[in-house]
Trainee: 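Just dropping this structure here.
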2 protein chains.
Amino acid sequence: MEQTLKRLATMQRLQVAGLELFYQNGYHNTSVDDILKKLDLSKGAFYYHFKSKEEFFISIIQNLIVQRVYSALVQPIEGKEDPFTIIEESLDASLETAEHNFFDNGFVLSNFLSETQGKDPEINTYLNDILKIWEVALITSLQKGKSDGYVARHVDSDGVAAYIISAYMGIRLQMACGNAKNLRYKFIQQLRIYFRSLAPQPIH
Amino acid sequence: MEQTLKRLATMQRLQVAGLELFYQNGYHNTSVDDILKKLDLSKGAFYYHFKSKEEFFISIIQNLIVQRVYSALVQPIEGKEDPFTIIEESLDASLETAEHNFFDNGFVLSNFLSETQGKDPEINTYLNDILKIWEVALITSLQKGKSDGYVARHVDSDGVAAYIISAYMGIRLQMACGNAKNLRYKFIQQLRIYFRSLAPQPIH
DNA sequence: AATGAGACCGACTAAGTGGTCTAATTAAGA
DNA sequence: TCTTAATTAGACCACTTAGTCGGTCTCATT
């Protein structure tokens with residue numbers, strides 16, 4: 001019981017530190033030793049809990065990344081009405097935390113996706129699954145929005161979802177590259193214009 | 001004279017092979033030896049022409065990447081009228097070549113940007129410069145479009161440009177991850193909707 | 001034929017890399 | 001207190017990395 005707790009604690013410490021370094025320097029550019037050095041742990045500890053670096057990363061994806069994406073981008077829009085407003089708010093909030101984080105390195109998911117795509121197919125799959133969760137949440141929200149009269153009937157929910165995801169991933173990368181300070185404001189502005197043309201038009 | 005030609009030929013062979021591997025496997029995940037093996041060349045040859053791996057990559061950026069981005073995304077819109085149509089066409093053409101390329105790994109520029117951002121500031125700078133060229137071309141085109149009556153006066157050209165870049169970078173990443181086949185079609189569809197709301201509205 | 005510069009070879013180094021293994025330490029239960 | 005198992009230390013292994021360096025080859029000029 002007590003042991004199990006300690007085990008989980010050490011594993012979590014490793015995962016948190018691992019994610020931080022992977023996010024900062026990239027998965028391939030971060031060695032297991034780097035992580036261990038940061039925590040004053042030894043090789044033995046690491047390979048006692050995880051059987052390889054890859055499996056370790058996958059555990060991070062499934063424990064930490066999935067949760068962060070969910071709480072930042074999925075949960076806020078789930079079950080709510082008025083999709084455009086609520087989606088805009090969730091994106092704006094995410095951009096705000098990114099903007100105020102001096103060490104922002106872009107959107108976790110898209111960073112790792114672009115690093116592992118092609119090379120590490122297994123890892124890539126797990127990342128894609130998370131993206132899919134977000135996509136489904138967006139589509140569901142938009143569809144519900146049609147019934148509720150917030151979204152025009154003719155709108156292609158899949159297409160809109162893909163477009164939102166694209167735009168968000170792209171803006172996060174640009175923000176991380178330090179291109180202009182008011183990027184977030186501009187982005188939300190354009191998003192709003194786009195959304196407006198997807199709302200039901202008053203007949204005249 | 002004859003020597004100079006040979007020198008340039010070898011350098012270019014190295015750069016072309018280097019870009020291909022860097023693009024496929026990432027900069028950090030590709031060793032100098034990998035490139036040399038591909039060309040049946042030796043360490044000596046490489047370090048005779050380039051003084052480091054980093055300088056080598058920078059030369060690739062300035063010789064090859066800048067040119068590709070320019071000819072695919074900048075040149076097609078330069079000096080032309082009707083920004084929305086012409087921008088849409090250039091993006092669609094780029095997406096088409098990407099779609100038909102079985103080994104597509106995403107947008108070169110955004111891949112390298114996300115890999116080097118934070119870690120390799122010098123490389124990142126050169127990549128950002130290229131992005132800036134595209135951004136300026138977009139803004140210029142939009143501004144000219146205002147004078148020519150294709151773009152509504154109230155439109156924020158900077159914001160629109162940033163939004164276009166974001167969306168394109170994002171969709172390329174999604175396409176590279178193999179998410180759905182008709183992603184390109186959907187994307188262009190949404191882009192068109194967005195553009196429509198930026199055109200001057202007929203008075204009624 | 002001799003020279004000398006440009007281009008290239010490939011063994012070598014030093015610093016990592018992921019991963020293994022044994023021994024030591026710690027903590028729990030009897 | 002003794003035993004036993006969970007946990008951690010850290011030396012070690014085979015391999016890869018970027019970069020160096022003395023030497024070799026080619027070939028135009030003398």
Side-chain angles (χ1 to χ4, degrees), chain A residues 1-22 24-61 112 115-116 119-124, chain B residues 1-61 63 112 115-116 119-124:
Chain A
M1 187 61 194
E2 194 61 38
Q3 293 95 339
T4 332
L5 272 184
K6 175 160 198 199
R7 179 187 178 86
L8 289 181
T10 309
M11 287 177 76
Q12 190 137 353
R13 258 169 27 101
L14 282 166
Q15 289 168 334
V16 170
L19 175 54
E20 194 178 325
L21 291 181
F22 286 157
Q24 234 165 67
N25 312 320
Y27 171 66
H28 292 107
N29 205 28
T30 303
S31 68
V32 175
D33 282 326
D34 289 339
I35 300 164
L36 294 170
K37 204 181 300 168
K38 184 168 178 167
L39 297 179
D40 265 311
L41 281 175
S42 66
K43 274 275 167 71
F46 183 89
Y47 283 97
Y48 176 73
H49 294 291
F50 304 98
K51 74 175 213 278
S52 72
K53 187 190 177 188
E54 177 168 335
E55 196 228 52
F56 172 62
F57 188 33
I58 292 176
S59 85
I60 288 180
I61 295 173
F112 290 139
E115 186 181 350
T116 61
K119 310 173 260 297
D120 317 79
E122 194 179 347
I123 296 179
N124 209 251
Chain B
M1 189 60 197
E2 194 61 39
Q3 291 94 342
T4 331
L5 273 183
K6 177 158 198 202
R7 178 186 178 88
L8 289 182
T10 308
M11 287 178 75
Q12 190 137 354
R13 263 176 12 111
L14 282 166
Q15 289 169 333
V16 169
L19 175 54
E20 195 178 325
L21 291 181
F22 286 157
Y23 174 61
Q24 236 166 64
N25 311 320
Y27 171 66
H28 291 107
N29 205 28
T30 303
S31 68
V32 175
D33 282 325
D34 290 339
I35 301 164
L36 294 170
K37 205 182 299 168
K38 184 168 178 168
L39 297 179
D40 265 312
L41 281 176
S42 66
K43 273 275 165 69
F46 183 88
Y47 283 97
Y48 176 72
H49 294 292
F50 304 97
K51 74 174 212 280
S52 73
K53 188 190 177 189
E54 177 168 337
E55 195 228 54
F56 172 63
F57 188 34
I58 292 176
S59 86
I60 289 179
I61 296 172
N63 288 324
F112 290 140
E115 187 180 350
T116 61
K119 310 173 259 298
D120 318 77
E122 194 179 346
I123 296 178
N124 210 252

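Just so it is clear, the values below take in all heavy atoms, side chains as well, and ignore hydrogens, waters and symmetry mates. Numbers restart at 1 for each chain; the letters A, B, ... are given by sequence-line order, proteins then strands. A quick note: this is a predicted structure, and the numbers were derived from the prediction, not measured.
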Trainee: Counting C-beta onward and ignoring hydrogens, is there a side-chain heavy-atom pair between Gln12(B) and Leu8(B) closer than 4.5 Å?
Mentor: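 SC-SC contact between Gln12(B) and Leu8(B) ruled out.
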
Trainee: Check whether any side-chain N or O of Tyr48(A) sits under 4.0 Å from OP1 or OP2 of dT8(D), and answer yes or no.
Mentor: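 So the side-chain polar atoms of Tyr48(A) never come under 4.0 Å of the phosphate oxygens OP1 or OP2 of dT8(D).
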
Trainee: Can you tell me if the side-chain N/O atoms of Tyr47(A) get under 4.0 Å from OP1 or OP2 in dT20(C)?
Mentor: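 Tyr47(A) to dT20(C) OP1/OP2: no side-chain N or O under 4.0 Å.
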
Trainee: Rounding to a whole Å, what distance do you find between Phe46(A):CZ and dG19(C):P?
Mentor: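 Distance check: Phe46(A) CZ to dG19(C) P gives 8 Å.
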
Trainee: Do the side-chain N or O atoms of Lys43(A) get closer than 4.0 angstrom to the phosphate oxygens (OP1, OP2) of dG10(D)?
Mentor: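 No.
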
Trainee: Is there a residue in residues 13-35 of chain B whose heavy atoms reach under 4.0 Å of DNA chain D, and which residues are they?
Mentor: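 Here the set is Thr30(B), Ser31(B), Val32(B).
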
Trainee: Using a 6.0 Å cut-off, check whether atom CD of Glu54(B) has over 12 heavy atoms from anything other than its own residue.
Mentor: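 For Glu54(B), atom CD is crowded (more than 12 foreign heavy atoms under 6.0 Å).
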
Trainee: Keeping Lys38(A) on the side-chain end and Asp34(A) on the backbone end, is there a donor-acceptor pair under 3.5 Å?
Mentor: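 Looks like no, no N/O pair under 3.5 Å.
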
Trainee: Mind calculating the distance between CG (Leu41(B)) and C1' (dG10(C)) to the nearest angstrom?
Mentor: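 Going from Leu41(B) (CG) to dG10(C) (C1'), I get 13 Å.
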
Trainee: Can you check the Glu54(B) CD to dT17(D) C1' distance for me, whole Å?
Mentor: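 Those two atoms, CD and C1', are 16 Å apart.
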
Trainee: Distance-only, no hydrogens or angles: does the Thr30(B) side chain make a donor-acceptor pair with backbone N or O of Leu21(B) under 3.5 Å?
Mentor: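 Looks like yes, one N/O pair under 3.5 Å.
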
Trainee: What is the distance, rounded to the nearest whole Å, between atom CZ of Phe56(B) and atom P of dG19(D)?
Mentor: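 The answer, rounded to whole Å, is 12 Å.
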
Trainee: Are side-chain heavy atoms of Ile123(A) and Phe112(A) found at a separation under 4.5 Å?
Mentor: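 Answer no - side chains too far apart.
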
Trainee: Please give, in whole Å, the distance from dA7(C) C1' to Leu8(B) CG?
Mentor: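 Atom-to-atom, Leu8(B) to dA7(C), this comes out as 13 Å.
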
Trainee: Rounded to the Å, how far apart are Lys37(B) NZ and dG10(C) C1'?
Mentor: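 That distance rounds to 15 Å.
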
Trainee: Checking side chain to side chain contact (heavy atoms under 4.5 Å, CB included) between Phe50(A) and each of Phe46(A), Tyr48(A), Tyr47(A), which is the one that passes?
Mentor: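 That would be Phe46(A).
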
Trainee: Rounded to the nearest angstrom, tell me the gap between atom NZ in Lys53(A) and atom C1' in dT20(C).
Mentor: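 After rounding, the reported distance stands at 18 Å.
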
Trainee: Picking from dC9(C), dG19(D), dT8(D), which would you name as closest to the side chain of Ala45(B)?
Mentor: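 That would be dC9(C).
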
Trainee: Does a side-chain N or O of Thr10(B) approach OP1 or OP2 of dC8(C) to a distance below 4.0 Å, or not?
Mentor: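 Checking dC8(C) against Thr10(B), a side-chain N or O does come within under 4.0 Å of OP1 or OP2.
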
Trainee: For the pair made of CZ in Arg7(B) and P in dC27(D), what is the distance, rounded to whole Å?
Mentor: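 Interatomic distance, CZ of Arg7(B) to P of dC27(D): 18 Å.
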
Trainee: Parallel, tilted or perpendicular: which one describes the rings of Phe57(B) and Tyr27(B), with boundaries at 30° and 60°?
Mentor: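 Correct class here is parallel.
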
